[in-house]
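Beneath this line is the structure, given in structure tokens, with notes to follow.
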Amino acid sequence: MLLLYDGDCGFCTGWADFGRRRFAPGVRIVPWQSVDPAVYGVPEERLLREVVLVEEVGHAPAGPRAATAPPGGAMAIAGTLRSGNRAGRLLGRALAARPVRRPASAVYRLVSRHRYRLRFPFLPARPGASCGLPQR
């Protein structure tokens, strides 16, 4: 599995690094700018809006999953966490649970929309710690 995030966003990069180290050893977490998104069937416009969890090239899903769009946003994070260590699996299952799914997605969209105002909480304030994207 491969989680694609916006590598031009310091906020996103901080969370990607944190997730890579703490929760998701079973998923490669890479900036979408370092791959060809067309190979994964994901438009760049979507990747500017949300993280997307895709199958690695050569590991395409079979059966009913083959025709569905890859999960994005909060559900991509949930899928990433579920493939990780014990704490990650627990968090991922909780995030994807039916009563939590809709609020989690709403919070994700809110944060994504305002990420240019945010910085990664565990990094000292510095240039590049916030999103490098223009304000919307």
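Quick note: residue numbers are just sequence positions, from 1. As the structure is a computational prediction, the values presented were derived from the model and not from experiment.
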Where is the tightest heavy-atom contact between [X] and [Y], given as atom of each residue plus distance?
X     : Y      : result
Gly73 : Glu50  : N-OE1, 3.3 Å
Cys12 : Arg115 : SG-NH1, 3.2 Å
Ala76 : Pro71  : CB-O, 3.5 Å
Arg46 : Ala69  : NH1-CB, 4.2 Å
Gly41 : Pro43  : O-CD, 3.8 Å
Thr80 : Ser83  : O-OG, 2.9 Å

Ser105 side chain vs Arg101 backbone, donor-acceptor pair below 3.5 Å: yes

Heavy-atom donor-acceptor pair, Arg20 side chain to Ile29 backbone, under 3.5 Å: yes

Heavy-atom check, side chain of [X] versus side chain of [Y], under 4.5 Å:
X     : Y     : answer
Val35 : Val39 : no
Pro70 : Tyr40 : no
Pro37 : Leu47 : yes
Val51 : Leu4  : no
Met1  : Arg28 : no
Glu55 : Leu2  : no
Asp6  : Leu48 : yes
Leu81 : Arg89 : no

Point-to-point distance, once rounded to the nearest 0.5 Å, from [atom1] of [X] to [atom2] of [Y]:
X     : Y     : atom1 : atom2 : value
Trp15 : Arg22 : CH2   : CZ    : 10.5 Å
Tyr5  : Asp17 : OH    : CG    : 5.5 Å
Leu3  : Trp32 : CG    : CH2   : 14.0 Å

Partner set under side chain to side chain donor-acceptor pair (under 3.5 Å) for Glu44, not counting sequence neighbours: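 Scan of Glu44 (side chain to side chain donor-acceptor pair (under 3.5 Å), adjacent residues dropped) gives none.
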
Met75-Val100 co-clustered via ILVMFWY side chain contacts under 4.5 Å: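 No.
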
Cluster overlap Leu90 with Leu53, hydrophobic side-chain contacts below 4.5 Å: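 No; tracing contacts between hydrophobic side chains, which count when under 4.5 Å, never links both residues.
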
Which residues share a side chain to side chain contact (heavy atoms under 4.5 Å, CB included) with Ala94, sequence neighbours left out: none

Chi angles and distances behind the salt bridge (Lys or Arg N to Asp or Glu O under 4.0 Å) call for Glu45, Arg49: CA-CA 7 Å; Glu45 298 80 36; Arg49 238 185 12 253; over 6 Å; no

